[in-house]
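Each remark here refers to the structure printed beneath this line.
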Amino acid sequence: MSEFTVSLLYKSTRGSEKKVSAAEAILQGIAEDGGLFVPEAIPTLDKSLTDLVSLSYKELAFTILSKFLTDFTEAELKSCIDKAYNDKFDTTEIAPLKKAGDVYFLELFHGPTLAFKDMALSILPLLLTTSAVKLKEEKKIVILTATSGDTGSAALEGFANIDNLEIIVFFPEIGVSEVQKKQMTTQSGKNTHVISIKGNFDDAQSGVKKIFTDEELAKYLEENNVMLSSANSINIGRLVPQVVYYFHAYLELLKKGAITAGEEINVVVPTGNFGNILAGYYAKQMGLPIGKFLCASNDNKVLYDFFKTGIYNKDRDFAITISPSMDILISSNLERLIFAVSGNDSAKTKGLMDELNKSGSYEITEAMKTNLADFFGGFATEVQTKEAIKEAYNNASYVMDTHTAVAYSVYTDYVKATADNTKTVIVSTASPYKFAPAVMSSIDAKYEGKGDFELIPLLSEISKTDIPVPVKGLDDKLVHHKTVCTKEEMKNIVLENLGLLKM
Ligand SMILES: *Cc1c(COP(=O)(O)O)cnc(C)c1O
């Protein structure tokens, strides 16, 4: 970048001394010691918020990304940004901020797969291939991903047809919506591989983690000139692009005159793996005036319990809900928050993560709990989620998807309990078209029992919005991927899909 830019390095939350460049962190995905890469220090902006108001989404993205990815040239970054946020999004605003009732919805679902994962996964493949070229990495890159539904389709869309790269997606047989499943199994592209797992998301995720830490396999792949990388939200190349839209939301509020420069806002984030909300926390560290982060969970309320007690305990029943992308018991990115609130103490972080592995739970110290004051944990039951959808429709003519509804429900509970009247942004993570049966039956019981594709035109009618292009005709698309396997078979399935011998 410019000669004045100090280069920013990344290190593991679990303490191995080795520091790496952003390109290395992106290419590697996860640190060798099993920790997550974090920037040595969160960069701050050298411009005032009012200076940023006139920037387009892409210009804003460049401003933020250039602070984190200091080893990328200006031309490289601009090229990645241009190709990522193009007409694959149905609006040049990229992430429109819509007022409904007394809150603002930051709509992050205008990309090709209709969920917020597109915000990062439309640029990650470009950052990754740019990193590979920069580092002269000639091995074939294999993207291995577990998905609760939205990551899979967004990653397939982003990585399809990229040279010298294969993408393998594992999704749980139970829990994903019909539209999500259809989006994945109809994905074209010779380099795409989609497999459903007999189990839930955590089974898929832990299976993938196991493959990543399998030394024997790593050696075998290396001999065959193959390297594994991840598109999961632990990749720093996914986290950093998500910081951008928190700034964007704030600047839109400034532009509308809804707030004055410097005024704090609250944000509510429907949370699963803790990647989205963590990006907001990084935005705050960069200087964005955010007051509270309302972390919204569904019935899998492991994070709610954590914020309330300081104890993280994954040992509980896994609930399949109508907000499947949040059905998670091991919230991977929380490790980065643990690291931050421990005062960047990697030994402490490693200790807690080891405990989680061994016993299924850990408790943070009193000092760490004090550092969590920015967060408020809430949750919504299935009934509350459905009521929230109905309420927003009846009172504000706004149709939310089931994940956004969890956030909205937590927000209304929070306001009732605290009377906090800070301007609030609800991070809207998916289009209601992706979850039509749950959305429509929440609004009116007469829609119960109807399928996704029957309800989509009716949803269009009542919400007075056009059917998004990505779901039009999806029902009739050809299914290319039909493989089903067990957790134990995952490793061999990977090898088989790469044309390598089974181990
Ligand atoms: C992935 C996802 C979430 C959860 O985001 P995290 O970054 O994992 O916390 C919420 N809503 C939708 C629609 C998603 O796809």
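When a ligand or atom number is given, it counts from 1 through the structure's own listing order. The structure presented is a predicted model; accordingly, all values stated were derived computationally and were not measured. Just so it is clear, the values below take in all heavy atoms, side chains as well, and ignore hydrogens, waters and symmetry mates.
- Distances between N or O atoms of Ser233 and those of ligand 1 include no value under 3.5 Å.
- Closest to atom 11 (N) of ligand 1 among all protein heavy atoms lies Thr429 OG1, 2.8 Å.
- For a threshold of 3.5 Å applied to N or O pairs, the pair formed by His403 and ligand 1 contains no separation below that value.
- Near Met326, the atoms of ligand 1 lying under 4.0 angstrom from a non-hydrogen atom of the residue are 10 (C).
- Ion pairing of Lys284 with Asp374 is present here, as a side-chain N (NZ or NE/NH1/NH2) and a carboxylate O approach within less than 4.0 Å.
- Looking at Phe274 next to ligand 1, an N or O pair under 3.5 Å apart turns up.
- The protein atom (non-hydrogen) at minimum distance from atom 8 (O) of ligand 1 is Asn273 N, 2.7 Å.
- His193 and Glu166 form a side-chain donor-acceptor contact under 3.5 Å, judged by distance and modelled atom types alone.
- Residue Thr271 has at least one heavy-atom neighbour below 4.0 Å for each of these atoms of ligand 1: 9 (O).
- Applying the 4.0 Å criterion to heavy atoms of Ala430 picks out, from ligand 1, the atoms 13 (C).
- Taking the six-membered ring where the residue is Trp, Tyr57 and His248 present perpendicular rings, their angle passing 60° and hence far from 30°.
- The pair Asp202-Lys314 fails the salt-bridge criterion, with no side-chain N (NZ, NE, NH1 or NH2) lying under 4.0 Å from an Asp/Glu carboxylate O.
- Taking the six-membered ring where the residue is Trp, Tyr362 and Phe306 present perpendicular rings, their angle passing 60° and hence far from 30°.
- For ligand 1, the polar-atom distance check finds an N/O of Gly275 within less than 3.5 Å of one of the ligand's N/O atoms.
- For the residue pair Tyr414/Thr424, the side-chain donor-acceptor check at 3.5 Å is not satisfied.
- With ligand atoms numbered from 1 in the order given, ligand 1 contributes 12 (C), 13 (C), 14 (C), 15 (O) to contacts under 4.0 Å with heavy atoms of Asp150.
- Between Lys117 and ligand 1, an N or O atom pair is found at a separation short of 3.5 Å.
- Residue, atom and distance of the protein heavy atom nearest to atom 7 (O) of ligand 1 are Asn276 N, 2.8 Å.
- Salt-bridge formation is not detected for the pair Asp118/Lys88: no Lys NZ or Arg NE/NH1/NH2 atom is positioned less than 4.0 Å from an Asp or Glu carboxylate oxygen.
- Contact between Pro270 and ligand 1 is present, with at least one heavy atom of the residue lying under 4.0 Å from the ligand.
- Side-chain contact check for Asp444 and Tyr393: no donor-acceptor pair (N or O, by modelled atom type) lies under 3.5 Å.
- Residue contacts with ligand 1: Ile328 is placed with no nitrogen or oxygen under 3.5 Å of a nitrogen or oxygen of the ligand (distance criterion only).
- Only the side chain of Phe116 comes within 4.0 Å of ligand 1, judged by heavy-atom distances.
- In terms of protein heavy-atom proximity, atom 9 (O) of ligand 1 is nearest to Gly272 N, 2.8 Å.
- Between Glu363 and Lys369, at least one side-chain nitrogen of the basic residue sits less than 4.0 Å from a carboxylate oxygen of the acidic one, meeting the salt-bridge criterion.
- Aromatic rings from Tyr281 and Phe375 are positioned such that their centres are separated by under 6.0 Å.
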